[in-house]
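Residue numbers begin at 1 in each chain, while the letters A, B, ... track the order of the sequences. Here the structure is a predicted model, which is why all the values come from computation and not from measurement.
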Amino acid sequence: MTTAVEDLHLVGVTKRFGEATAVADLSLDVPAGSFFALLGPSGCGKTTTLRMVAGLELPSSGRILLGERDITRRPPYRRNVNTVFQSYALFPHLDIHDNVAFGLRRRGIRAVDAPVREMLELVELGGFARRRPAQLSGGQQQRVALARALINRPDVLLLDEPLGALDLKLRRQMQLELKRIQTEVGITFIHVTHDQEEALTMADTVAVMNGGRIEQLGSPIDVYEGPQTAFVANFLGQANLYPGVTAGAGAEATGVAITIADATVTVPVSALAGRSGRVVVGVRPEKVRVVDPSAEHDLPANRLQGTIAEVAFVGVSTQYVIALPSGARLAAFEQNLDPREVGRPGEPVALGWEPRHTFILDADEDLRAGLLDQTPVPPADPVAAPLSGSAPGAR
Amino acid sequence: MIRWLGRNLLTVYALLAVGYLLLPVAVITVLSFNKPRGRQNTTWNEFSLDAWTNICRDQTICSAFGTSLRIGLIVTIVGTLLGTMLSFALIRYRFLGRTPANLVVFLPLATPEVILGASLLAFFLNLLLPLGFWTITIAHVMFTISFVVLIVNARLAGMDTRLEEAAMDLYATGLQTFRYVTLPLAAPGIAAAALLSFTLSFDDFIITNFNSGTTVTFPIYIWGAALRGIPPQVNVIATIVFAVSVLLVLLAMGLASSRRPRVRQ
């Protein structure tokens, strides 16, 4: 199943709706055959970007290229790009066979039966050809929408929140299914979603979008482990973020010491990327170990003291919110290796994490960017700033 | 008994309501088999098939019926076409004068028919148009458009525009999108509008009476005949029209259910 798939390029694409700018000077290269995710909250411009690639929306400026060809102004029916629409947009008056055959027929292909059958087999809907969309479950409709787009062998397949209407279990199953199909057909998939887990599970490359711009682009691991902005840190999973000040230049071997509210932590020189003075120090909750103060010597190098403020037992892990002596808060997820050792609120604990798990952001970052809970924070004094990670950053 | 009534109250009520609605039709049908004594066919005299075997004994009945049929068909085609196009324009496009157009379209629905009929008469007289078949047709087209727009609007407004986007995404040009997606989806609304157009035109008396000149439509014939005594042939035609309507409805329902997809095992 190899077709001459081409790279997709967006060059300085901007889209304005009246006064509002939905997409701002966006440039993007999507290599052929990759699974690319555009991830961001609603209103970040990801769906608009997708619609411009599909040809359903005309950019205010900038160009869209498929390989060498400029397709910016081509109507949707004259570009080799197909879309799986949010809530599918299946034709209710046509049966499944005719829905899937629609694209082939419009291009004048008469012999549609064999390819349609083959495509329905691929999405495991072999026996459903003569049913109507309304007779299928959500998951089945989703697969029909996928088949209807894929049968045209597009250069690029666009998926607009394709799993948004499915329940959690089905969504997990379809994530793996989509990934399998993408590997099998080798077509470029561009997947728009606000669900970080969905993006991380399926995509080779994730672009995190916010306010019409791309905040960060990279492999799921790079973006998750090394967020470059507070928005990315908070939107993708959860993060504990604290303002800090570097204590002089550090050696390559020992790392740089940074003073935050209650303690001094060490970070590798590489994490600082040349920054010095005021910075933001971050660590993911699952990187932080929580132990009884008596076992402090077992902890990794970056150690803090605190008391348990909140405990939530969630099965695979126990989620703690720890109050630090300064009043700041820190979220920590402990794997439930021995659930009977779960602590109780008010108990003193020792915390620790590996210096290499620390990431550094610019000092002027808004620590609450990307959080769902946007309750205003009282103006904080820079050293004892409140902890951003205590609020749920994402589902 | 009380318990039985409690469980079946809705059924009983529905049957009573349907009976109430069908009673006049039943009376008309029964009287079509009557051999009236005197001019008025209002009381049962004796059973006879005279009216059924000799529908066109009075030539004017059948020619009036034919005139109404012809006007109805023209009005249905022209009114549905114009109204549907208007509805697409009003729902799908933003243009200068759209709001006033929206208002004007529905004005005939709110205007009393007498006034509409009188105004149209003045209009035709000013244009020196001879009153007759075509003035009736033009008048009927005018007021059916409003009903067509009303019905087709409802259908179009409830239609998901993403279906059309999906069609274009799947290589359908604008024309093909209309042919294969928009039109089939709007069709039930358009068909309903067409049926209503025919009924409204076939049934109209007030506006027609103003603009008919010497042309006699079926309602005008009946109105005229009512003064002298309605012959049972009118009951026969009414019964036939009713039977044909019921047949058409049954046919439509049959078509709809046969198009419902067969469920495979």
Side-chain angles (χ1 to χ4, degrees), chain A residues 47 50-51 53-57 74-109 125-136 144-145 147-154 156-158 160, chain B residues 84 87-88 91-96 98 151-195 251-265:
Chain A
T47 295
L50 197 79
R51 288 173 61 83
V53 176
L56 299 169
E57 214 77 72
R74 278 203 196 177
Y77 51 85
R78 288 196 51 225
R79 47 176 94 188
N80 207 14
V81 172
N82 291 113
T83 310
V84 175
F85 287 82
Q86 196 171 2
S87 61
Y88 326 132
L90 299 178
F91 304 125
H93 59 298
L94 300 177
D95 65 20
I96 301 311
H97 176 277
D98 290 344
N99 261 283
V100 176
F102 194 91
L104 294 182
R105 287 192 172 136
R106 295 295 82 75
R107 289 188 299 171
I109 296 166
L125 284 174
F128 293 78
R130 289 297 156 203
R131 298 215 192 161
R132 298 254 170 167
Q135 291 178 300
L136 302 189
V144 174
R148 185 178 70 170
L150 271 182
I151 197 168
N152 305 294
R153 291 290 143 76
V156 180
L157 182 79
L158 307 173
D160 187 5
Chain B
T84 302
S87 170
F88 268 97
I91 294 282
R92 287 300 166 80
Y93 300 95
R94 300 281 170 274
F95 52 89
L96 195 70
R98 179 174 165 273
I151 294 172
V152 179
N153 267 5
R155 184 77 191 176
L156 288 185
M159 218 161 96
D160 189 351
T161 50
R162 270 176 321 175
L163 294 173
E164 286 161 323
E165 290 186 348
M168 288 207 258
D169 186 66
L170 294 163
Y171 311 103
T173 60
L175 211 61
Q176 288 175 326
T177 300
F178 184 77
R179 160 79 182 77
Y180 293 110
V181 175
T182 316
L183 198 58
L185 289 173
I190 297 173
L195 286 175
L251 198 71
M253 280 164 67
L255 277 179
S257 68
S258 77
R259 278 178 61 190
R260 216 170 285 149
R262 298 127 281 190
V263 179
R264 289 200 192 166
Q265 61 288 359

Please check: side-chain N/O of A:Arg148 versus main-chain N/O of B:Leu170, any donor-acceptor pairing under 3.5 Å? no
Measure [X] against the heavy atoms of chain A and call it side chain, backbone, both or neither at under 4.5 Å.
X        : answer
B:Ala187 : neither
B:Asp169 : both
B:Glu165 : both

In this structure, CZ of B:Arg179 is separated from CZ of A:Arg106 (nearest 0.5 Å) by 8.5 Å
Measuring from atom CZ of A:Phe102 to atom OH of B:Tyr180, what distance do you get when rounded to the nearest 0.5 angstrom? 8.0 Å
Minimal heavy-atom distance between A:Ala89 and B:Ala166, with the atoms involved, is O-CB, 3.9 Å
Heavy-atom count check: over 12 atoms from other residues, nucleotides or ligands less than 6.0 Å from B:Phe95 CZ?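 Counting other residues, nucleotides and ligands, CZ of B:Phe95 exceeds 12 neighbours.
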Answer with side chain, backbone, both or neither: which region of A:Arg79 has an atom nearer than 4.5 Å to a non-hydrogen atom of chain B? backbone
Contacting region of A:Leu90 [heavy-atom separation from chain B under 4.5 Å]: backbone
Give a yes/no verdict on a cation-pi contact between A:Arg107 and B:Tyr171, requiring under 6.0 Å between NZ or CZ and the six-membered ring centre and an angle within 45° of the axis.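 Cation-pi check for A:Arg107 and B:Tyr171: passes.
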Partner chain B: residue of A:Leu56, A:Asn82, A:Thr83 with the largest heavy-atom pair count (under 4.5 Å): A:Asn82
Any side-chain heavy-atom pair from B:Leu163 and A:Pro92 closer than 4.5 angstrom?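 In contact.
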